[in-house]
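Read through the structure below, which is laid out as structure tokens, and then see the notes.
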2 protein chains.
Amino acid sequence: MLRPRSTHVTIMDVARQSGFSPSTVSIVLNDAPLSRHVAAPTKQRIRETAKALGYHPNPSARSLRSRHSRTIGILVFDLSDPFCTLILLGIEKALDPTGYLPLIMDAHNDRKQLEGYLELLLERRVEGLIVVANWLFEEGGVLFEILKNTFPTIVVGRDLADDRIRSVVVDNEAGGYAALQHIYRLGHREIAFILGPEKLSDSNRRWQGMQRFAAEHSLAIDERRVRRLVEALDPFSGFTGGRELTEDLLRSRIKFSALLAFDDLTALGAVRALCHAGMNVPRDCSVVGFDDAPLAAFCTPGLTTIRQPLEDMGALATEWVLKAAQVGEEVDGSPSTTQMLSPSVVVRESTRETRS
Amino acid sequence: MLRPRSTHVTIMDVARQSGFSPSTVSIVLNDAPLSRHVAAPTKQRIRETAKALGYHPNPSARSLRSRHSRTIGILVFDLSDPFCTLILLGIEKALDPTGYLPLIMDAHNDRKQLEGYLELLLERRVEGLIVVANWLFEEGGVLFEILKNTFPTIVVGRDLADDRIRSVVVDNEAGGYAALQHIYRLGHREIAFILGPEKLSDSNRRWQGMQRFAAEHSLAIDERRVRRLVEALDPFSGFTGGRELTEDLLRSRIKFSALLAFDDLTALGAVRALCHAGMNVPRDCSVVGFDDAPLAAFCTPGLTTIRQPLEDMGALATEWVLKAAQVGEEVDGSPSTTQMLSPSVVVRESTRETRS
DNA sequence: TTGTAAGCGTTATCAT
DNA sequence: ATGATAACGCTTACAA
């Protein structure tokens, strides 16, 4: 039984009650190496009284003495973003059995806050740091610069241009390739593209994948069907961007029977524009997103998309940080500094064969 | 500058470097009452060297000595649920300026985990507890039973049947009333309902609000147009439930020109069913959701819904917990144990006037 | 096989 | 106006 508030029961209480010394109690309760030499009945006795008294070690005292916090800092760029949330799920599940506690901080899409929380986490003596980034996250930052290579730090979710910093991401190139392949196989040849912001390497890699597919299949990409989102800070800018660029596409009167969007939100913006123009998805135009955010499954038509294995990405990042934290300093075992997981195509209702 | 890893600079370092004693340093740096008697130049000196050395107090030592953790436990029923996430936003914003740190734990819709994490948080000596619940959260639980009235605990987001436990929720009755009012004013009279699970008091209150509106306006509610979701553990059951019940409604061949759903996900399920049946929303049938989850804005047609002020709810809960934690024990100032915030109608594209 | 004692970094009480 | 000193609860040499 746990006794909230009031004074907590300490190791001394257990010692007195069981008739042994605090050290013995500590050794037994922690299964410390020396506990091998403790008589079985003694252990029994101690464990019993500990449970009976409802003893739980004071974490502050423990980490003060042992000089480790058993805590990992999780810096989430936007907790309201389902993208981040799913990565977090993987992190939590990986952390759960280890006894490490996640200290989750939400930067609310604000870079200033990000730096502030980063300091806060360091002050709280976290033993490692996982940054859960979406595409609004910007690289650089003073503190961040210092951290890498001195402190177990890893970024998940965002394809960093700076490859000196460790990260776990989806294979964006493969994702772009797969997206175009899917649409190509359905017979589409007049394909529109809404790319992500210019400087975003996630977007560039996806675009590279698409271009590779096009080249391999002698598919000409007409520049007039290509649009590009502008950089933004607003988490929902993808939607309005997708919508407006699609309207622009429509106004230009160039035909297209399919549209590949930078991500799901952009795709949903495109769907909105298409429908408002009196078109039907997928009958008049197929649409493909990227990410497989939860909304992709629940809108109508269900959105065909490229799935990022977000949970796995979170888990992978966690495993590395934990290892790095335990070894002590830098673990530079792995050959590459950025790990890539494969995406997969999730076919729903927003894509269909061309009417020939 | 913050020095990650390596040995941290302690108050002793600052003391030596500045030429004063640790006590004086502590007093100055904490702006303790006694610091009023400390000479200005001394303060100056101490603050400078503290900054120069990059001193940050060790939180473990501090809470060990001062006997408080400056930490609030946040038990989220499902972090992947945007509903929970928005409440969390309000909590974080309210907590941020106070210096209290949120310890966020995600139960992943699992009641066992919930209890486990609850214990964990208590062991970590949190000073208060906020439970962020969605409609899957079940009341009761041993530990929980003990907590209420002994420990600053509050539940946000879920309308508890047990009114001995403090909570912050939306005014569900008013929400139900407003939903029906909106649809009634658009001229609809043949209205279908998909209610939440039988035992869910959120659902019952909404239903009461609808019935009150109906009574006040002599609107007959035909039982044959009413369906009810079954209880479930799956976070997405609302979608499939909404879809299947709508299909059922359609099969029954009873006409309806509008549908009020228990929540947004249910509404989206209904939209899916309607569209698959060849109907157009809102032309052939208007649909209203509840919650105003992010997806409501991004699907097409945009979903008309009843907005819960989730962020405000989180903030309100936080304020209470903080106050309760600081006062010490129970703060039973407020007359009612459950605070209700007003919902609002968000009109988007899924509702329209009846074609007369 | 078990107990004693020191010390982790703070803060608070008491002297000075 | 500032400094000694003890104590918070725990772990870990070292002693017995």
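Per chain, numbering begins at 1; letters A, B, ... match sequence-line order.
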What is the distance, to the nearest angstrom, from the [atom1] atom on [X] to the [atom2] atom on [N]?
X	N	atom1	atom2	result
Leu64(A)	dT10(C)	CG	P	9 Å
Arg124(A)	dT10(C)	CZ	P	13 Å
His37(A)	dA13(D)	NE2	P	13 Å
Leu29(B)	dT2(D)	CG	P	15 Å
His8(A)	dG9(D)	NE2	P	10 Å
Tyr55(B)	dG9(C)	OH	P	10 Å
His56(A)	dC10(D)	NE2	C1'	16 Å
Ile11(B)	dT11(C)	CD1	C1'	8 Å

5′-ward residue of the pair Ser23(A)/Val38(B) relative to DNA chain D = Val38(B)

From CE (Met105(A)) to CG (Leu118(A)), nearest 0.5 Å = 10.5 Å

Could you tell me which non-hydrogen atom of Val25(B) sits nearest to which non-hydrogen atom of Ser18(B), and how far apart they are?
-> CG2-OG, 4.3 Å

Shortest non-hydrogen contact from Tyr117(B) toward Asp106(B) | CE1-O, 3.1 Å

Does [N] have its OP1 or OP2 closer than 4.0 Å to a side-chain nitrogen or oxygen of [X]?
X	N	result
Ser26(A)	dT11(D)	yes
Arg67(A)	dG9(C)	yes
Arg62(A)	dT11(D)	yes
Ser63(B)	dT10(C)	no
Ser21(A)	dG3(C)	yes
Thr24(B)	dG3(D)	yes

Of the nucleotides dT10(C), dG9(D), dT12(D), which has the atom closest to the Ile27(A) side chain?
-> dT12(D)

Look at the side chain of Arg65(A) and decide which nucleotide, out of dG3(C), dT2(D), dC8(C), has an atom nearest to it.
-> dC8(C)

Per nearest nucleotide of DNA chain C, the residue lying toward the 5' end, Asn58(B) or Leu34(B), is Asn58(B)

Under a 4.5 Å cut-off applied to non-hydrogen side-chain atoms, are Ile72(B) and Leu103(B) in contact?
-> no

Identify whether any heavy atom of Thr42(A) sits under 4.0 Å from a base atom; if not, whether one sits that close to sugar-phosphate; answer base, sugar-phosphate or nothing.
-> sugar-phosphate

Evaluate the criterion side-chain hydrogen bond (donor to acceptor under 3.5 Å, both in side chains) for residue pair Ser63(B) and Ser60(A); output intermediate values, then yes/no.
-> CA-CA 6 Å; Ser63(B) 58; Ser60(A) 301; 2.7 Å; yes

